[in-house]
Structure formats: structure tokens, C-alpha cells
Amino acid sequence: MIEVPSPLRLRLDSQALVANWRWLASQSGAACGAAIKADGYGLGARSVMRHLAAAGCRDFFVATWAEAAALMPLPEGVSLSVLHGVGTSDMVAARTLPVRPVLNSVEQVARWREAGEGRPCDVMVDTGMNRLGLRVDEALGGALDGLSIETLLSHLASADEDSDQNAQQLAAFQALRQAIPARRYSLANSAGICLGADYAFDLTRPGIALYGGTPRSEAQGHIRQVVYPETRVLQMRTVREGETVGYGATWTAQRDSRIAVANMGYADGYLRCHAGTGGGATWRAHALPLIGRISMDLIAFDASDAGAVGEGDWLALDYDLPSAAARSGLSQYELLTGLGARFERVWS
Ligand SMILES: *Cc1c(COP(=O)(O)O)cnc(C)c1O
């Protein structure tokens with residue numbers, strides 16, 4: 001097969017990833033795992049796992065069995081859990097792979113009792129989010145008796161806000177810990193780690209903050225950017241004052257302008273809501289404001305004040321997650337997981 005270079009790339013900073021994990025681990029004061037579902041939030045789950053396992057991370061979480069199967073074989077000493085538990089069609093994978101299910105309902109517990117051959121499992125109990133997990137009354141009412149539980153989990157619904165729900169979920173989880181035997185207990189995601197050591201228990205499960213997201217103000221200044229999307233200039237063109245650029249002619253040149261047309265569009269996850277919000281790209285410290293409507297595979301920047309930028313140059317997108325989220329109205333999670341398959345992932 002011939003090697004075809006992609007005109008879009010994600011530069012991924014493994015040192016920043018590891019530094020973020022170390023900071024989260026130090027804040028946790030407990031074992032610190034990693035959520036690597038959705039292909040490591042778009043970065044590539046296998047690479048994320050390799051870098052974090054080398055740094056000492058031992059507990060990883062994916063959403064589905066297909067995601068787990070794609071990560072085989074696991075690095076030495078690493079544990080992997082599947083957050084969505086076991087449906088009827090998952091039992092072959094669940095019995096075959098060296099991976100634990102996170103059981104989420106009385107039905108899943110029964111399925112695991114019947115076919116899990118006594119192997120250990122994780123269990124999710126819902127303490128107020130009402131998404132996945134056994135209800136507290138089910139968990140306390142004997143549904144889990146005799147099960148070999150490695151990690152008992154619950155998940156915070158509002159940890160990124162100063163909500164009363166955080167303390168309520170914490171109290172409910174503390175009560176569960178008194179009543180249900182498990183080897184370890186785990187409540188906090190990235191934002192939960194920022195709520196303080198009370199929330200950490202034995203194991204924390206950060207996701208977004210590993211990848212450069214700032215879940216709460218407490219993390220500001222500690223979390224480093226990991227993902228740097230770059231796109232290559234396909235063509236330079238001159239646009240005369242009064243001419244317009246792109247679909248719908250939404251941008252009009254106020255002066256004779258140099259325009260850089262680059263290889264990226266909404267099909268790559270760079271959605272139309274980025275337009276008109278003041279963002280853009282940089283080339284050698286020159287700012288290139290994004291102009292006009294974003295096309296499927298193409299995007300235009302005003303390069304009038306960007307020096308000698310030309311065809312083939314790589315433009316670095318403004319993609320600091322907190323500010324890109326504030327500008328676009330997308331969440332930091334959507335900004336990462338939307339980045340498409342056409343980006344070549346390049347780790348340094
Ligand atoms: C996704 C997920 C996490 C990680 O959450 P972040 O907000 O990305 O830190 C932790 N636990 C569960 C159950 C999850 O689904």
C-alpha cells in the first residue's frame with residue numbers, strides 16, 4: 001500500500017497528557033485511573049493507554065465491548081472495565097476478554113451471576129443521575145449479595161457546578177460504602193476530583209482533564225493543552241474589496257485581501273458554530289481569522305496580515321478547549337470527540 005500523507009493532523013503532546021494525569025493523581029490522593037471511551041475522547045485509546053500505563057496508570061474505562069476488544073492485548077498489569085455492562089449480546093465477549101463489566105441493573109447482575117462463572121465484576125449504583133446503575137434501594141435490598149465486586153462505582157451528575165447535588169451524591173455513596181462490600185470504591189470524574197479529597201475514595205476516573213479540558217476553575221493553570229489540530233493550506237487567493245467568500249456569501253472583504261483556503265471542514269468535526277465567533281488559526285505567531293461559512297471539507301482564513309504564509313503551510317487551529325468551548329457553544333467533550341478520522345494522529 002502506498003503511504004498517503006493527510007492534509008490534516010492532530011499533534012498530540014504525550015508529556016502534557018502524562019503531566020495532567022499526574023496532577024489529577026496528586027489531587028486525588030487515591031489511585032487515579034483513566035476514562036478512554038470514545039477512542040480516548042478522539043485522541044486514540046490505544047496510544048492514550050500506552051502513555052498512561054507507562055506513567056503508572058492501572059485502571060482504564062471504556063464504554064463498550066467493541067472498544068475493549070480493540071485494545072487487546074492489554075499492557076502488563078493493566079485493568080480494563082466496560083462501563084455499559086453486559087447486554088445479552090455481550091456475553092461471549094465478556095467471558096472471553098480479560099476485562100470486567102460494570103454491571104448497571106438488576107438484569108445485568110442476574111446475567112452475570114448466571115454466566116460470569118463467579119468472576120469479579122464492577123457495579124454502578126445510581127445516586128441521582130438516573131442514567132446507568134442500580135437504584136440505591138435495589139443495591140441495599142440484597143441484589144448484590146454474594147457478588148464478587150472489584151470496584152463499586154457511582155457517577156456525579158453536576159460536579160462541574162457548585163450544586164447541592166454533589167454533597168447529596170457524596171452522602172449517598174458513603175452510605176453505600178458502609179453497606180456493600182467491594183475491594184474498592186470510586187465516585188469522582190475530572191470535575192469530582194476538583195471537589196476535594198472527600199470525593200476520591202479509592203480510585204478516581206478522570207477523562208476530559210487528561211486531554212486538556214478544564215472541568216472546574218480549580219484546575220485552571222494546572223491542566224495543559226494536549227490536542228493541537230492543524231490543517232494544511234490548499235490554496236492562496238486574492239479577494240478584491242467588496243467580493244465575498246464561501247457559501248451564502250456571508251463574509252465580504254473590507255479591503256483587498258489574501259485568503260488561505262485549507263483542508264478541513266465540518267466533516268472533520270470543525271462545525272459551523274465556530275464561524276463568526278472570533279476564532280481562527282495561527283501561523284508563525286500570525287493570527288488568521290476564520291472567515292465565511294465552514295464547508296464540508298474546506299475552510300477559509302483571512303491571511304492578509306499573516307506574512308508569507310502560502311500553499312502547503314500548516315496552520316494551527318485555536319483549540320484551547322475552555323476558550324474554544326466558550327466561543328463555539330460546544331462542550332469541551334464535543335470539541336474533542338467530534339474530531340474526525342481524516343486527522344492523522346501524531347504523538348510527540
Ligand atoms: C466518562 C466517564 C468518566 C470521565 O468523566 P470526565 O468528566 O470526562 O472526567 C468517569 N466515569 C464515568 C462513569 C464516565 O462515564
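When a ligand or atom number is given, it counts from 1 through the structure's own listing order. In this text, all values refer to a predicted model and were calculated from it rather than measured experimentally. The basis for the numbers below is simple: all heavy atoms, side chains too, and nothing from hydrogens, waters or symmetry mates. For the single chain, residues carry numbers from 1 onward in sequence order.
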Ligand 1 versus Leu153: contacting region, heavy-atom distance under 4.0 Å: neither

May I ask you to list the atoms of ligand 1 that are less than 4.0 angstrom from any heavy atom of [X]?
X      : answer
Met124 : 13 (C)
Lys37  : 1 (C), 2 (C), 3 (C), 14 (C), 15 (O)
Pro206 : 9 (O)
Tyr41  : 1 (C), 4 (C), 5 (O), 6 (P), 8 (O)

Can you find a side-chain donor-acceptor pair between Arg100 and Ser79 that sits under 3.5 Å? yes

Is the closest side-chain donor-acceptor distance between Ser331 and Glu334 under 3.5 Å? yes

N/O to N/O below 3.5 Å, does that happen between Ala191 and ligand 1? no

So is there a nitrogen or oxygen of Ile208 less than 3.5 Å from a nitrogen or oxygen in ligand 1? yes

Using modelled atom types and a 3.5 Å cut-off, is there a donor and acceptor pairing between side-chain atoms of Ser304 and backbone atoms of Arg258? yes

Only heavy atoms count here, so choose which of Met129, Arg131, His155, Gln332 is nearest to atom 12 (C) of ligand 1. His155

Would one find more than 12 heavy atoms of other residues, nucleotides or ligands at under 6.0 Å from atom CE of Met296? no

Taking the six-membered ring for Trp and the full ring for Phe, Tyr or His, determine whether the centres of His51 and Trp347 are under 6.0 Å apart. yes

Centroid-to-centroid, Phe173 to Phe201, below 6.0 Å? yes

Rounded distance [0.5 Å steps], OG1 in Thr231 versus CG in Asp268: 8.0 Å

So is Phe61 in contact with ligand 1, going by heavy-atom distances below 4.0 Å? no

